[in-house]
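All remarks here apply to the structure that follows.
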Protein chains: 2
Amino acid sequence: MAINYDRVVTQSLAKQIAEQIRSAILQGDLQVDERLPTEEELAARFNVSRPTIREALKRLAAQHLIRSRRGPTGGTFVTRPSTEEMSDALTGTATLMVSLGEFDLDSISEARREMEQLCLGLAVQRRTESQLAELNAALNQQQQPISDEDFCAADIRFHRALVDATANPVLQFNMYTVIEALQPLTNMLANRFRDREVIIGHHQALYNAIAAQQIEPARQALDQLIDYLTCQYSKALAWKQQSSQ
Amino acid sequence: MAINYDRVVTQSLAKQIAEQIRSAILQGDLQVDERLPTEEELAARFNVSRPTIREALKRLAAQHLIRSRRGPTGGTFVTRPSTEEMSDALTGTATLMVSLGEFDLDSISEARREMEQLCLGLAVQRRTESQLAELNAALNQQQQPISDEDFCAADIRFHRALVDATANPVLQFNMYTVIEALQPLTNMLANRFRDREVIIGHHQALYNAIAAQQIEPARQALDQLIDYLTCQYSKALAWKQQSSQ
DNA sequence: TTTACCTATTTGTCAAACAAATAGAAAATA
DNA sequence: TATTTTCTATTTGTTTGACAAATAGGTAAA
């Protein structure tokens with residue numbers, strides 16, 4: 001008769017413990033701001049050493065699930081990650097995927113075009129005066145004699161303001177990936193004065209159309225911007241590939 | 001005259017070290033599959049203890065940036081995270097955001113409608129026979145007398161197949177957030193036979209339109225599905241809120 | 001009333017040791 | 001000669017035990 005075997009556990013103790021606590025948090029069994037047992041108590045409960053518990057907790061902290069504080073009112077608490085923390089984590093992930101070649105330029109371009117057009121439709125309807133002001137401020141910043149880094153930061157600022165005008169946090173959250181996934185590629189063009197001029201021109205057209213709440217000119221400006229960027233990226237990549245041979 | 005003060009560092013050593021290594025990875029200074037110095041060597045280099053190094057490394061491991069192995073050919077290696085690993089991390093994040101109320105139902109609904117309509121446009125053009133087969137298989141699975149969990153899993157399977165038909169990894173990556181962010185809400189409806197029938201009906205219409213490559217019927221079917229789901233969610237939430245008072 | 005000091009608690013860091021996993025080399029066996 | 005078993009050194013995983021640092025709140029002093 002056949003013998004049944006239990007699955008062999010190859011994961012480290014710390015990882016297993018982290019997974020258990022993570023599941024409890026995601027399932028709502030641990031509430032935000034709830035205090036976990038002390039490290040000593042957790043060690044006793046899981047029957048492991050305190051350093052092992054600490055390794056497990058550091059995994060959770062790295063995922064913005066918990067935070068800790070020393071002192072009599074200290075301890076380890078389930079945390080409420082801010083949207084900014086999550087976005088930073090997400091863009092780091094996206095940046096890694098791009099650098100690993102998981103996302104090719106055509107896919108990024110297409111995703112950005114489609115998703116930003118979608119946002120544009122909502123932004124044209126819903127933009128507020130303060131969001132318009134932010135778009136304008138980013139545009140003005142790009143027109144200054146600023147560094148490549150600042151130009152790129154202003155570029156992100158402009159597109160984030162556009163996405164913020166959708167008034168939809170889910171779209172905002174997702175668009176940050178796409179906007180900043182192109183960041184390393186935008187860096188290739190930021191040093192060229194001519195490219196800056198063209199980008200600023202399209203941004204100006206975008207801004208004008210959004211301000212006037214005219215969807216068609218806005219769509220065309222965005223299409224032309226994405227077309228231009230994709231074309232320049234391709235040229236820059238080809239040139240870079242050729243000059244490195 | 002004024003005295004200048006250096007910024008006081010309040011972050012733990014482990015976190016600071018993790019951030020430095022993470023930056024090196026994201027900036028490409030550390031390549032995938034590259035082996036880091038041993039824990040002993042890192043401790044010497046950063047002038048800290050080995051347990052502190054281990055805590056830093058566990059943070060990076062939790063973010064799928066490194067992996068480790070014991071033994072003579074062991075060590076700590078920069079890892080190439082799979083798209084699945086990243087998606088799992090992302091959906092965990094999205095699930096947390098939903099449960100924390102960062103994403104309200106209207107925003108989720110709107111984002112899903114807009115983004116899935118976008119994907120639908122591409123999917124109708126690009127779907128392959130095997131993707132159609134996968135859509136059909138998920139649909140057939142939902143029509144079986146299965147558990148609530150399996151019904152929800154089949155629901156995700158159907159929509160993932162739809163998104164996969166866009167042939168765009170960036171859209172796929174982003175859509176997983178939106179698809180699974182609604183997962184806890186779909187759970188509310190999966191136990192009701194009547195709701196299942198309606199959902200299956202819309203899925204059938206979607207499948208038929210995608211198979212026939214007719215965009216308008218596909219759009220209408222998706223709109224009706226999202227409308228139905230949003231309406232039922234609202235009712236279920238209102239009912240749940242009322243019965244918990 | 002305000003400021004300074006103190007205490008006990010919890011996390012952060014450390015040293016040292018040993019366990020476990022492991023690739024490949026060497027030895028034993030068929 | 002080919003295959004299997006054993007062994008070794010390396011690196012990570014885990015533990016024990018200790019002490020440092022941060023800290024909220026209570027108490028004492030000004």
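Only a predicted model underlies this, so the values are computations on that prediction, with no experimental measurement involved.
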- Query: Is the number of heavy atoms from other residues, nucleotides or ligands within 6.0 Å of CG (N47(B)) greater than 12?
  - Reply: no

- Using a cut-off of 6.0 Å, state whether more than 12 heavy atoms not belonging to E40(B) lie near its atom CD. no

- Task: Step by step, work out the salt bridge (charged side-chain N to carboxylate O under 4.0 Å, His left out) result for E55(B) and K15(B).
- Result: CA-CA 8 Å; E55(B) 285 194 9; K15(B) 190 176 183 188; over 6 Å; no

- Task: Sequence neighbours left out, what passes side-chain contact (heavy atoms from CB on, under 4.5 Å) with P72(B)? Give chain and number order.
- Result: none

Suppose we screen for side chain to side chain donor-acceptor pair (under 3.5 Å). Which residues come up paired with [X], at least two apart in sequence or across chains?
X: Q63(B); value: none
X: Q20(B); value: none
X: E39(B); value: R50(B), R54(B)
X: N136(B); value: none

- Note on the structure: What residues 59-67 of chain B contributes to the DNA chain C interface at heavy-atom separation below 4.0 Å is none

- Task: Under 4.0 Å from any atom of DNA chain C, heavy atoms only: list the residues of residues 41-48 of chain A that qualify, in numerical order.
- Result: none

- Do the side-chain N or O atoms of R54(A) get closer than 4.0 angstrom to the phosphate oxygens (OP1, OP2) of dT11(C)? no

- Message: Mind checking if K58(A) touches a base, just sugar-phosphate, or nothing, with heavy atoms under 4.0 Å?
- Response: sugar-phosphate

- Could you name each residue pair satisfying salt bridge (charged side-chain N to carboxylate O under 4.0 Å, His left out) that touches residues 67-77 of chain A, not counting sequence neighbours? D33(A)-R67(A)

d([atom1], [X]; [atom2], [N]) in whole Å:
X: E40(B); N: dA15(C); atom1: CD; atom2: C1'; result: 11 Å
X: R50(B); N: dA15(C); atom1: CZ; atom2: P; result: 13 Å
X: K15(B); N: dG12(C); atom1: NZ; atom2: C1'; result: 14 Å
X: E55(A); N: dG12(C); atom1: CD; atom2: P; result: 13 Å
X: L13(B); N: dT11(C); atom1: CG; atom2: C1'; result: 13 Å

- Item | By salt bridge (charged side-chain N to carboxylate O under 4.0 Å, His left out) - contacts of D106(A) (at least two apart) | none

- Query: Does the pair E134(A)/R157(A) count as a salt bridge with the N-to-O cut at 4.0 Å?
  - Reply: yes

Between the protein and nucleotides 22-25 of chain C, are there any N/O to N/O pairs under 3.5 Å, and if so, what are the atom names and distances?
unit_1	atom_1	unit_2	atom_2	d
dA23(C)	O4'	T73(B)	OG1	3.3

- Task: Return the 5'-most residue of the pair G74(B), P51(B) with respect to DNA chain D, ranking by each residue's nearest nucleotide.
- Result: G74(B)

- Query: Would you say the side chains of R80(A) and H64(A) form a donor-acceptor pair under 3.5 Å?
  - Reply: no

- Item | Partners meeting ring-ring contact (aromatic ring centres under 6.0 Å, His included) with F151(A) (sequence neighbours left out) | none

- Check every nucleotide of DNA chain D for an atom under 4.0 Å from a heavy-atom of chain B, then give the first and the last such nucleotide from 5' to 3'. dA9(D) to dT14(D)

